[in-house]
Protein chains: 2
Amino acid sequence: MGEDVFKALADLTRRRILDELAERDGRALAEICAWLMTKHGLRLSRQAISQHLAVLREAGLVVVRMDGKQRVYALRPEPLTKVDQWLEPYRMFWSKRLDALEQHLEENP
Amino acid sequence: MGEDVFKALADLTRRRILDELAERDGRALAEICAWLMTKHGLRLSRQAISQHLAVLREAGLVVVRMDGKQRVYALRPEPLTKVDQWLEPYRMFWSKRLDALEQHLEENP
DNA sequence: TTGATAGGCAAGCCGCTACTTGCATATCGT
DNA sequence: ACGATATGCAAGTAGCGGCTTGCCTATCAA
């Protein structure tokens, strides 16, 4: 737990898993697998996805709930605030350019 | 160019370099090195930092300007908007509480 | 109980990545 | 022109990360 969130997000498949959980939270491994296959055409073994989920769990981005013989994965977006906070000082940079653009358009209609 | 921004951000040292450039933009390699050493106690060779900067350049997060025998690196935060955009759907999760608080305050002034 | 379903654990493979070392190149000062 | 400064390029290494395969466990259904 508490592993680097940025590293967890570095992998596209893991981001897709999070996206999937953001849309429909509380899904079993098999469901996530099937969804990745159909939507993104990924051909990954069940274990591959399972290991990705383990990484997400390490980063605290996901929690598991036992439900019968299924393990239901649920999104836990709190660690993403660290990314959001890190991003914060940079936001002024691209808002500055937008401001400059706006001003330019106002002065040159 | 156009390499994965998320992968570029996965490394702590690279994030620190960006942070440094965000504070004081347009710095030479030697300056960045010295700063990382003193502030974070890192013991990395000049080449290591140089390679990190190459990765950041690949990701479009940094541009280089030749200035005499120095190469001045400048921040280019635009690619970070991709991270910001990806983060967007998740913001509602942690802003829900703030929204609820606001609504409560509006209804109970 | 037996079989089928759902998934974790462990070991191995391979490519990528962070880092180092050594060499080459270009610019500035003298 | 020469040495010092500032940096890139190339090759090599060690380790990590993503993936597969094989085996084991646990739960449900008949």
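We name chains A, B, ... by the order of the sequence lines, and we start the count at 1 in each one. Note that the structure is a prediction, hence the values are computed from the model and not measured.
Between the CZ atom of B/F6 and the P atom of D/dG18 there is a distance of 15 Å, given to the nearest Å. Here the P atom of nucleotide C/dA26 and the CG atom of B/L29 are 18 Å apart, to the nearest Å. Whole-Å rounding puts the B/L53 CG to D/dA6 C1' distance at 14 Å. The interatomic distance linking B/R71 (CZ) with C/dT25 (P) rounds to 13 Å, in whole Å. Taking atom CG on B/D4 and atom C1' on D/dG18, their separation rounds to 15 Å, with Å as the unit.
Take A/W86 and apply the ring pair (Phe, Tyr, Trp, His ring centres under 6.0 Å) test, not counting sequence neighbours, and it matches A/F6, A/Y90. Partners of A/Q85 by side chain to side chain donor-acceptor pair (under 3.5 Å), not counting sequence neighbours: none found. For B/R46, there are no side chain to side chain donor-acceptor pair (under 3.5 Å) partners two or more places apart in sequence or in a different chain.
Here A/D4 pairs with B/R15 in a salt bridge; the nearest charged N to carboxylate O distance falls below 4.0 Å.
Of the candidates C/dA11, D/dA10, D/dG8, C/dA11 carries the atom nearest the A/Q51 side chain, counting heavy atoms from C-beta on. Closest to the A/K69 side chain, of the nucleotides D/dT7, C/dG7, D/dC28, is D/dC28.
Here B/A28 lies in heavy-atom contact (under 4.0 Å) with sugar-phosphate atoms only.
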Contacts table for residues 59-71 of chain B: side-chain donor-acceptor under 3.5 angstrom, sequence neighbours left out:
none

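Only B/R43, B/L44, B/S45, B/Q47, B/A48, listed by number, bring a heavy atom of residues 35-50 of chain B to less than 4.0 angstrom from any atom of DNA chain C. Within residues 10-25 of chain B, the residues approaching DNA chain C are B/D11, B/R14, by heavy-atom distance under 4.0 Å.
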